[in-house]
Each structure stands twice: as structure tokens, then as C-alpha cells.
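This report concerns only the one structure given below.
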Amino acid sequence: MHSSVKSNEKTAKKIRGTLVLKVDAKKPEIDKIRIAAEAIRRGGTVAFPTETVYGLGADALNAEAVRKLFEAKKRPQDNPIIVHVAYKEDVYRLARDVLEAAEKLMSRFWPGPLTLVLKRSKQVPDITVVGLDTIAIRMPKHEVALALLKESGTPIAAPSANLAGKPSPTTAHHVIEDLAGRIDIVLDAGPTRIGVESTVIDMTSSPPEILRPGGTPYERLKGILCRVKLHPLAEAEREVPIAQAVSPGMKHRHYAPEAEMIIVEGELNQIIGKIRELTESHVKEGKRVGILATDESLPSYEAHIVKSLGSRENLQEIAGNLFRLLRQLDAEEVDVILAEGVSSQGLGLAVMNRLRKASNFSIIRV
Ligand code: TXA
Ligand code: MG
């Protein structure tokens, strides 16, 4: 362990060989950032917070370092990784033919939860983009992420810092659960603010196409671009043939709980009625039932476990709680998860996309 942090038990510890450093989310301590940046420069792996979820970072220009990301996460070899930058100038090193519409989005939404898919330059190793001729780039809005990027002096490739198939981590604790012993360092700056991943938009297609709804709402993108398309898989109302999966990540089942999961969508009173009915029939069969409710409906249910995502009026709160509650329900070892659908306005579209995918499109409309 580095000498400058050894003395402080509370802010530095090792878990199965992974160094966990507590950092201030607003004013990250430079000595800790330097330790992490040094690891990045040497080809190591560092989990760090962004405004969306925790990422697992490595030097994007170092093929051997990026290979470690795939290995640590057990990530399928055909799923490309988002490259994070602290400076707009880096985009022009990593990408070519950057059009005006992309520049508009960068100046309006960066730093922030928006990832642009652009044509890739020769500088980027094949493994980072799994041999594609495009590259996904974003500038995160988090002081720790930006400090790490600046101090490392290189763009950082970072998928979400979970084992493949698990919900994305919104706390350092989630990262440790999945990856302790498999990565070098975790920078722990507390829970992330947004809770769902960035929006991924393909700027090489005309009109630009949203491949993954996320932290930057569709409505806001529509307000800036005259034309923008939502990929059918991004909406994920139903399963779409794999052949249509432009974003390699689309065809991987992102997160699937052990339990069977059913989403009930529609008007709230009808949802409540349906979930009560489903609970009763499953309990009769001797099954353990978990319900993902909202504040408004919470008192209406009785089951083995009932959790609220937050108020239906507050989609930010719901997005912020989603992945943590999915992890909790998995840990409770229920047989069935019954989840309420929420509005698909704003951040709701990302929430519904993740829920529908997690249920493998087992959706009941009432
Ligand atoms: O908020 C986020 O985006 C987080 C934080 C850490 O930045 N990162 C994240 O990375 O969610 P990951 O690897 O879990 O998801 C990246 C998504 C995948 O669906 C991947 O297929 C897609 O972006 N992607 C990456 N490069 C692409 C490319 N060149 N073309 C199309 N899709 C791409
Ligand atoms: Mg991920």
C-alpha cells in the first residue's frame, strides 16, 4: 500500500488485494487521485464514480490494459467499451469526421450523461472498440472522474464496474461485491447521483439514433437536434430480433435476476389490482414473492418483500434507486419479482428499458 495513505485506516483498506480509497466526491484529495492515476498509467484497472454509475477504467490506448477490463468483468469479447475524456480536444484524436450535430451535443451536454458514437481514428487499439470502425466517447460530470482523467493524462476506457450480467453499480460497495480481488483500485466517493447509465446516441447514422436511453432524456436531445430516432431496442417494448442490434451491447442480456420477473404496466389502480392478484396466486403455489412498488402504492401490498422505488412523481429518485433495489431483491432469493411500470417520460424511459430487459420482456399491460 502507498505510504501516504497507509496511516489512515478509515480512508484506505485492502479487500482481497484490491485497494479501496475513500475520496471526497466534491473535492477529491489529490494524493489519492495520483495513486489511482499512476495505476492507470502503468496499465492497471481502477473503478471510479461517475455521475451515472461506477466505471471500471483502464488506459484506452493500451491494448493490454483494456484486455484486463474484459477479463475482470467477464465481459463478452464483442461488446465495445465507452472511452471517457476530460477535454473536448481528445475527441478529435480518437474520432474523425465529427459533424456539427455532434459538436452541438458536446457543447450542450458535456460534461454529462451522454455518450456519442463517432467514426473512430487509427489511434485507438482494436480491442477497445472490438474492431468496429466507430468509437463511443463521453465526458463524465463527476469531480473524481475528471480529476482521474486529467491526472492520468490519457483517455480512460470504462465499462460499468459490475460483473457482466449484474446490475450496474451505484455504490463502491456494489463494485467490491462484484470485483474485489479482480481489479487494482476502487475510488469510493459514495453513491452516484443519477443511477442509470449514460444515453448512447449513434451520430454516424442519419438521423442520429439513440441506441440506449439513459441519463440524458430523449426529449432533451430532440430539443437540440431537429431529427433523432429511437432504436426499437432502446425503447424495448418487446424483444427485437438480434439482427437489428446495432450496438453490440444490445444483444447481451444486460441484467437478469435469478427470480422470474414480471412488469405490470398501465394505470396505477389497475397495476395494483393485477399485482395483488399475481401475488396471491404465486403465494398459493408456495413461492416467495418480491414486489417493486412505488411510494404511492406501497401500502396496498403484502408480500415477502415489498420495496419502493420512490415516488411516481419523482423519476430521478426512481432511477437513483433502481439498480440498488434489484441487487437487494436478488440477495433476498425470492422466486418471483413483480414490478410496477412507471412513466416513460424523461429518465423514465431509461428506467423502463432496464426493467423490461431485466424481465426478458415479460410484460403485462392492464
Ligand atoms: O454511464 C455510462 O455510460 C457508464 C459509465 C461508467 O460511464 N458506462 C457504461 O458502460 O454503461 P457499459 O460498457 O456498461 O455500456 C456501454 C454501452 C454498451 O451497450 C456498448 O455496446 C455500447 O455502449 N457501445 C460502446 N461502444 C459502442 C460503439 N462503438 N457503437 C455502438 N455501441 C457502443
Ligand atoms: Mg454495463
Side-chain angles (χ1 to χ4, degrees), residues 45-58 60 66 69-70 72-86 94-95 109-121 124 126-142 144-146 148-149 155-170 174-175 178-179 187 192-205 208-216 231 233-234 236 244-256 319 323 347 350 353-354 357-358:
T45 50
V46 176
F48 61 95
T50 77
E51 77 281 33
T52 57
V53 300
Y54 274 75
L56 176 61
V66 173
L69 299 179
F70 285 90
K73 275 184 62 94
K74 303 188 182 167
R75 184 179 179 95
Q77 296 287 333
D78 61 350
N79 198 1
I81 295 177
I82 296 172
V83 175
H84 297 65
V85 298
L94 301 166
F109 294 107
W110 279 10
L114 181 67
T115 296
L116 304 181
V117 174
L118 301 164
K119 284 192 183 148
R120 152 212 187 180
S121 83
V124 186
D126 269 341
I127 186 169
T128 307
V129 295
V130 301
L132 297 174
D133 59 2
T134 56
I135 180 170
I137 309 178
R138 90 173 187 101
M139 188 188 290
K141 190 175 183 170
H142 194 294
V144 173
L146 290 169
L148 178 64
L149 280 161
I156 294 181
S160 51
N162 51 286
L163 281 173
K166 292 284 194 86
S168 291
T170 55
H174 297 157
V175 179
D178 282 12
L179 299 177
L187 293 176
T192 59
R193 185 169 55 82
I194 296 177
V196 289
E197 304 91 338
S198 63
T199 300
V200 178
I201 184 166
D202 182 358
M203 299 306 293
T204 69
S205 79
E209 187 172 36
I210 294 173
L211 304 180
R212 177 179 75 180
T216 301
H231 192 280
L233 271 163
Q244 288 183 34
V246 211
S247 189
M250 285 176 169
K251 64 174 187 272
H252 298 292
R253 210 158 143 215
H254 246 161
Y255 159 68
F323 290 144
L347 283 181
N353 169 273
R354 307 304 187 273
K357 275 168 110 179

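First listed ligand is number 1; within each ligand, the first listed atom is number 1.
- Note: no N/O pair closer than 3.5 Å links Tyr54 and ligand 1 by distance alone.
- Contacts with ligand 1 closer than 4.0 Å are made by no heavy atom of Lys119, backbone or side chain.
- The proximity of Thr52 to ligand 1, defined as any non-hydrogen pair under 4.0 Å, is limited to the side chain.
- Residues Lys357 and Tyr255 have side chains not in contact (no heavy-atom distance under 4.5 Å, counting atoms from C-beta outward).
- At a heavy-atom cutoff of 4.0 Å, ligand 1 is contacted by the side chain of Asn79 but not by its backbone.
- Which of Glu197, Arg120, Arg212 comes nearest to atom 15 (O) of ligand 1 through a heavy atom is settled by distance: it is Arg212.
- For Ile82, the heavy-atom gap to ligand 1 drops under 4.0 angstrom.
- Geometrically, ligand 1 and Ser198 share a nitrogen or oxygen pair separated by less than 3.5 Å.
- Numbered from 1 in the order shown, with element, the atoms of ligand 1 that lie under 4.0 Å from a heavy atom of Arg75 read 13 (O).
- For Asp202, no heavy-atom contact with ligand 1 is shorter than 4.0 Å.
- Closest to atom 9 (C) of ligand 1 by heavy atom, among Ala136, Ser160, Pro76, Pro169, is Ser160.
- Proximity to His84 (heavy-atom distance under 4.0 Å) selects the following atoms of ligand 1: 5 (C), 6 (C), 7 (O).
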